[in-house]
K.L.:
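Right, I'll just put the structure down here and ask away after.
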Amino acid sequence: MAETKIIIVGGGLAGLMTTIKAVEAGAMVDIFSIVPVKRSHSVCAQGGINASVNTKGEGDSPQIHFEETIYGGDFLGNQLPVKGMCEASPNIVYLLDRMGVPFNRTPEGNLDFRRFGGSRYHRTAFAGATTGQQLLYALDEQVRRFEAEGKVKKYEGWEFLSILKDGKGSCCGIVALDLIRMEIHPFLAGAVVLATGGPGLIFGKTTNSLTNTGGAAGSVYQEGAIYANGEFIQVHPTAISGGDKLRLISESVRGEGGRVWTLKDGKRWYFLEEWYPAYGNLVPRDIASRAIYKVCRELGLGIDGKDQVYLDVTHIDKKRLRERLGGVLEIYEKFMGESPYEVPMKVFPAVHYSMGGLWVDFDQMTNISGLFAAGECEYQYHGANRLGANSLLSCIYGGMIAGPKSVEFVKSKAGSITSSEVDSQVLEQKQTIEEIYNMQGVENPHRLHQELSEMMTSHVTIVRENKKIEVVCGKIRDLMVRYQKIGLSDTNRWANGEVLFTRQLWNMLVLAELITLGALQRDESRGAHYKPGFPDRNDEEWLKTTKATYTSQGPRLEYEAVDIQYLKPRPRRYDQATAGVKK
Amino acid sequence: MNSGKNVRFRIHRRENPSAPPRWEEFEVSYYPGMNVIGALMEIQKNPATADGKPTTPPAWEANCLEEVCGSCTMVINGAVRQACSALVVNLSQPIELRPMSKFPNLRDLKVDRSRMFEGLKKVGAWVPLDGTHALGAGPKVSPETQQKAYALSRCMTCGCCLEACPQYHSRSQFIGAAAISQVRLFNLHPSGAMNAGERLEALMGPGGVSNCGNAQNCVKVCPKEIPLTTSIGEVEWQVTQHAIKKLLGF
Ligand SMILES: Cc1cc2nc3c(=O)[nH]c(=O)nc-3n(C[C@H](O)[C@H](O)[C@H](O)COP(=O)(O)OP(=O)(O)OC[C@H]3O[C@@H](n4cnc5c(N)ncnc54)[C@H](O)[C@@H]3O)c2cc1C
Ligand code: SF4
Ligand code: SF4
Ligand code: FES
């Protein structure tokens, strides 16, 4: 029997879990990643991963986790897959524990759990404050074992350029570029899984890593893959300012008792606790971000008149802080030069996560036959707003589905491609790269990126006004014209980052347009998407998934009904406890 | 230092591994909180040397920008460290940037650290699972053991410890402190311990733990404060015990 070959693009949590599951299902796997997989963005996750194990005897259950996830996502999440994820979560955390993740423990030696936003239960397992790093390392180790056994081959330092399609439009492999030699090659496989992470870099300075350009998703979108709910961009309430990055101060800081305040009339004002007594500092992210925005921009009550409020842990026992939050407090100390153990931290919201992504079916397959997606690059699990510590879970769960389903696909439905089809598609990619090498205009790609991202951050994040969004739509088109006038300062045929960045910039522009247009069309407020002109959720017209299809004139938007088979939509409010509470 | 001032850099350049290395100077206008990666990003937006000559933007590696991925490791003013957490305000100028010297230099500040990942493969740095299907909860672990394991598990394969180690270089096979410390980590885990013997054997031959000259440089440069020399001592002891047991035929 011919061997089953799966290509996985991306070695974050989603890509590595897909790899493990595909190998267990009998496949040989080739993994492609820009950075060595152990350095993937998933290492940044600090706070933890959700699993309703109920070790604290609070009566938590997968059903309550499911209800809170749907409610937190303002009912835009398809309910069947979300339910599946929540039901799988206890076993996922047990599995990670068996792999050796050093999760924090209770005195009896059981897994410890902490609280996170949008939940009233201790549901988040954590390894200090570098949980993502610890989970990624555990999966990386398992994959390394398969690599040593010859079942996995890694292509680290390779960039995905495009998928290969046969005459019927099925995905049969990829075209990729060696980032050192700058050579372009085709790789064939029975199925391809994209696990390339989020598109945060469209917004420039965010909490994301530098590889999070969304470039790969942007490529396949231009090859016909549908992109869903692009307008739902999560802005995290608490990040620290910086010239290169807005570093996250995890929600776990509030989960462990951290309090947000500013000064009003010379006195401490704990505005989240006052406005949202039931959840206090642990309201979901969209709500907390808007509250901080309101305090600073509308009430003018930011600390020292600037865009900042305090996030305070100075009242918490230092040993406990060090054991449970050391990693994140260390980041504040290193980059801000002040000790958060002694002085309250200064924070402001920052772009953090994309709920939207490639459209997939319940088997994680995109609308392109043979092309699957898992992790932050797809849209499936978080509706209009993601609850903290649900992303690591969705990455791993998505991988657990995508692995076996892609192998199953190969066995029954794989396409077949001729060598001349391969050659012509490789040639197309070579030509695109060659065109970039020959760009001799006056624009600098990094400066264009800065313009794009500043505009997106100002007008397409916490508060969205149609008039301003329309202007952004026009300006993105202008930037696309100016893109053609880029001049390259580096034409080396060896390790040329500028060429690749320029290519990614195009994909960022394309995705930015889809995000912006999606936001313009959706005249309501839901989860992370807030329009002061349309302050309420409008289920009659907008309880539907946005689906964007690429055309050279811009995105074509269509809408699809949301699966609401288990929970009937009801108004979402956090001043009273109404999510996942027995009534 | 105030914003509005310029920061001066002296950066190692090399087009490719067979090109001769050279130096270029750059000037970047300072903003508060600037770190070395932030400065390199400014150069990308305007790739010209301090005397205004157009040049290529230096190639460097980075991803997380918060000192957890290990990518951006380089030698800054003579000390090996992460460029993203190197605040410009604390560095004397011109700030000199060099690639690590213990790994093949690919271009400018980029190096190839695949030898480190090979080392992890060699020592079997993983817990061998029966499979990822549901097999219930993992073993109970005391909070003390967890804290000990967590400290070791934060190693981000950055290579600082190897850059500083006199025993680790292109002509030696020494596996280095990072991988040895990982052996300690996996031998500490209740199920990982079942394969302790195999990991120790991998460290017995040439390039193994006995190559360490106990210079203690590694532990001083590790950005994650991993107790490397304690790990080396502990693993040496485990190797000796294992060798004795084998000799006696246990
Ligand atoms: C600071 C921070 C803290 C967070 N904390 C939490 C938390 O506590 N809990 C939680 O649940 N979530 C958290 N999140 C969210 C979570 O970390 C991410 O959503 C998740 O890690 C994404 O994983 P992934 O596997 O989808 O992709 P990533 O980890 O982003 O990996 C993407 C992979 O794709 C590769 N890649 C990308 N493009 C290409 C290409 N063109 N060619 C080849 N390879 C490519 C990259 O090299 C990389 O290997 C946090 C996010 C941030 C930014
Ligand atoms: S103690 Fe050993 S490993 Fe560490 S620097 Fe010295 S020789 Fe190298
Ligand atoms: S042990 Fe420390 S210095 Fe060495 S690779 Fe790991 S983190 Fe870096
Ligand atoms: S960029 Fe990740 S450690 Fe500096």
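The chains referred to below are lettered A, B, ... by the order of the sequence lines, with proteins before strands, and numbering in each begins at 1.
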K.L.:
Quick one: which of B:Ala149, B:Ser71, B:Ser191 has the most heavy-atom pairs under 4.5 Å with chain A, could you say?
P.N.:
B:Ser71
K.L.:
Is B:Asn63 close to A:Cys44 at the side-chain level, that is, under 4.5 Å between some pair of heavy atoms?
P.N.:
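With C-beta onward as the side chain, the pair stays apart.
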K.L.:
Could you tell me if the side chain of A:Arg447 sits less than 4.5 Å from the side chain of B:Asn46, heavy atoms only?
P.N.:
yes
K.L.:
Taking the side chain as every heavy atom from C-beta outward, state whether B:Lys140 and A:Asn110 have any pair of such atoms under 4.5 Å apart.
P.N.:
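Sidechains of A:Asn110 and B:Lys140: in contact.
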K.L.:
When B:Glu66 is tested against each of A:Lys245, A:Arg247, A:Lys334 for salt bridge (Lys or Arg N to Asp or Glu O under 4.0 Å), which residue passes?
P.N.:
A:Lys245
K.L.:
Let me know if A:Glu108 has heavy atoms under 4.5 Å from chain B in its side chain, its backbone, both or neither.
P.N.:
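Contact with chain B is through both the backbone and side chain of A:Glu108.
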K.L.:
Using heavy-atom distances under 4.5 Å, tell me whether A:Thr106 contacts chain B through its side chain, its backbone, both, or neither.
P.N.:
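Interface part for A:Thr106: backbone (N, CA, C, O).
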K.L.:
Using side-chain heavy atoms (C-beta onward) and a distance below 4.5 Å, is A:Val43 in contact with B:Met156?
P.N.:
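No; the side chains remain at least 4.5 Å from each other.
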K.L.:
Do B:Pro57 and A:Ser489 have side chains that get closer than 4.5 Å, going by heavy atoms?
P.N.:
yes
K.L.:
May I ask you to say whether B:Glu118 pairs ionically with A:Arg144, meaning some side-chain N is under 4.0 Å from a carboxylate O?
P.N.:
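Judged by the 4.0 Å cut-off on N to carboxylate O distance, B:Glu118 and A:Arg144 do not form a salt bridge.
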K.L.:
What residue in B:Leu65, B:Leu120, B:Val68 has the most heavy-atom pairs under 4.5 Å with chain A?
P.N.:
B:Leu65
K.L.:
Let me know if A:Phe103 has heavy atoms under 4.5 Å from chain B in its side chain, its backbone, both or neither.
P.N.:
backbone
K.L.:
For B:Pro128, is it the side chain, the backbone, both or neither that has a heavy atom under 4.5 Å from a heavy atom of chain A?
P.N.:
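The answer is both parts of B:Pro128.
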K.L.:
Between chain A and each of B:Glu67, B:Glu42, B:Lys148, B:Glu61, count heavy-atom pairs under 4.5 Å; write down the option with the most.
P.N.:
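The option with the most such pairs is B:Glu67.
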K.L.:
Given that the side chain runs from C-beta out, which part of A:Pro90 has a heavy atom under 4.5 Å from chain B: side chain, backbone, both or neither?
P.N.:
neither
K.L.:
At a 4.5 Å cut-off on heavy atoms, which part of A:Glu323 comes close to chain B: side chain, backbone, both, or neither?
P.N.:
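For A:Glu323, the contact with chain B is made by backbone and side chain together.
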K.L.:
Has A:Trp494 got a side-chain atom pairing as donor or acceptor with B:Leu106's backbone, closer than 3.5 angstrom?
P.N.:
yes
K.L.:
Heavy-atom distance under 4.5 Å to chain B: side chain of A:Asn104, backbone, both or neither?
P.N.:
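Its backbone and side chain both get close to chain B.
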K.L.:
Taking NZ, NE, NH1 and NH2 as the nitrogens, is one of them in B:Lys121 or A:Glu141 under 4.0 Å from a carboxylate oxygen of the other?
P.N.:
no
K.L.:
Report yes or no: does A:Asn91 contribute a side-chain atom to a donor-acceptor pair with the main-chain N or O of B:Ala134 at less than 3.5 Å?
P.N.:
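Flag not set: sc A:Asn91 to bb B:Ala134 has no pair under 3.5 Å.
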K.L.:
Side-chain contact, heavy-atom cut-off 4.5 Å: A:Arg98 with B:Val127?
P.N.:
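Of all side-chain heavy-atom pairs linking B:Val127 with A:Arg98, none is under 4.5 Å.
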K.L.:
Quick one: does A:Arg39's side chain have a donor or acceptor within less than 3.5 Å of a partner on B:Ala62's backbone?
P.N.:
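Answer holds: no.
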K.L.:
Looking only at heavy atoms, which two atoms of B:Trp126 and A:Ala148 are closest? And how far apart?
P.N.:
CH2-CB, 4.0 Å
K.L.:
Does any part of the side chain of B:His189, heavy atoms only, come nearer than 4.5 Å to the side chain of A:Met99, both counted from C-beta?
P.N.:
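Not touching, per the 4.5 Å side-chain cut-off.
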K.L.:
Under a 3.5 Å cutoff, is there a donor and acceptor pairing between the side chains of B:Asn35 and A:Asp244?
P.N.:
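A:Asp244 and B:Asn35 do have a side-chain donor-acceptor pair below 3.5 Å.
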